[in-house]
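Okay, so here's the structure we're looking at.
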Amino acid sequence: MGKMVRKQLYIDPRQEALLKQRAKELGITEAELVREALDTYTWSTKRVPRDLAVWQEEKAFMKALMSQGAVRGGRRWTRDELHER
């Protein structure tokens, strides 16, 4: 391992418990687990670049749908029914 840079961060108690448990399960230090998580996160986010223009188009599409108002005849289902399927 090359030169290391010291960083401090704050995590909530739930995250601390998870970090300790997972590091113990894997047999690695908490610091190593944090480094691995950071590598995984930064690698995965680089693979899918975020394009703000695409989001703006999607937002405009949703607003256009919403401006049409309610669907004629109303809906014939409830939210609970969808969860039962």
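Starting from 1, each residue takes its place in the sequence as its number.
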| message | Can you confirm whether Met66 is buried at CE, in the sense that more than 12 heavy atoms of other residues, nucleotides or ligands lie under 6.0 Å from that atom? | response |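 No, the 6.0 Å shell around CE holds no more than 12 heavy atoms from other groups.
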| request: Kindly give the heavy-atom pair with the smallest separation between Ser67 and Ala64, and that separation in Å. | output: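 Of all heavy-atom pairs spanning Ser67 and Ala64, the closest is OG-O, 2.7 Å.
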| request: For residues Arg79 and Trp77, report the shortest heavy-atom separation together with the two atoms involved. | output: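 Heavy atoms of Arg79 and Trp77 come nearest at N-CE3, 4.0 Å.
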| query | Taking side chain as C-beta onward, heavy atoms only, is Glu36 less than 4.5 Å from Ile28? | reply |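 Side chain of Glu36 against side chain of Ile28, heavy atoms only: contact under 4.5 Å found.
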| query | Does some side-chain heavy atom of Phe61 sit less than 4.5 Å from a side-chain heavy atom of Glu57? | reply |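 Counting from C-beta outward, Glu57 and Phe61 never come under 4.5 Å.
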| field | Separation between OG1 of Thr29 and CD of Glu32, rounded to the nearest 0.5 Å | value |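 Answer rounded to 0.5 Å: 5.5 Å.
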Indicate every side-chain donor-acceptor pair of residues 8-25 with a distance under 3.5 Å to a residue at least two apart or in another chain.
{"unit_1": "Asp12", "atom_1": "OD1", "unit_2": "Arg14", "atom_2": "N", "d": "3.1"}
{"unit_1": "Asp12", "atom_1": "OD1", "unit_2": "Gln15", "atom_2": "N", "d": "2.8"}
{"unit_1": "Gln15", "atom_1": "OE1", "unit_2": "Asp12", "atom_2": "N", "d": "2.9"}
{"unit_1": "Lys20", "atom_1": "NZ", "unit_2": "Glu30", "atom_2": "OE2", "d": "3.1"}
{"unit_1": "Gln21", "atom_1": "NE2", "unit_2": "Glu25", "atom_2": "OE2", "d": "3.1"}
{"unit_1": "Arg22", "atom_1": "NH1", "unit_2": "Glu25", "atom_2": "OE1", "d": "3.0"}

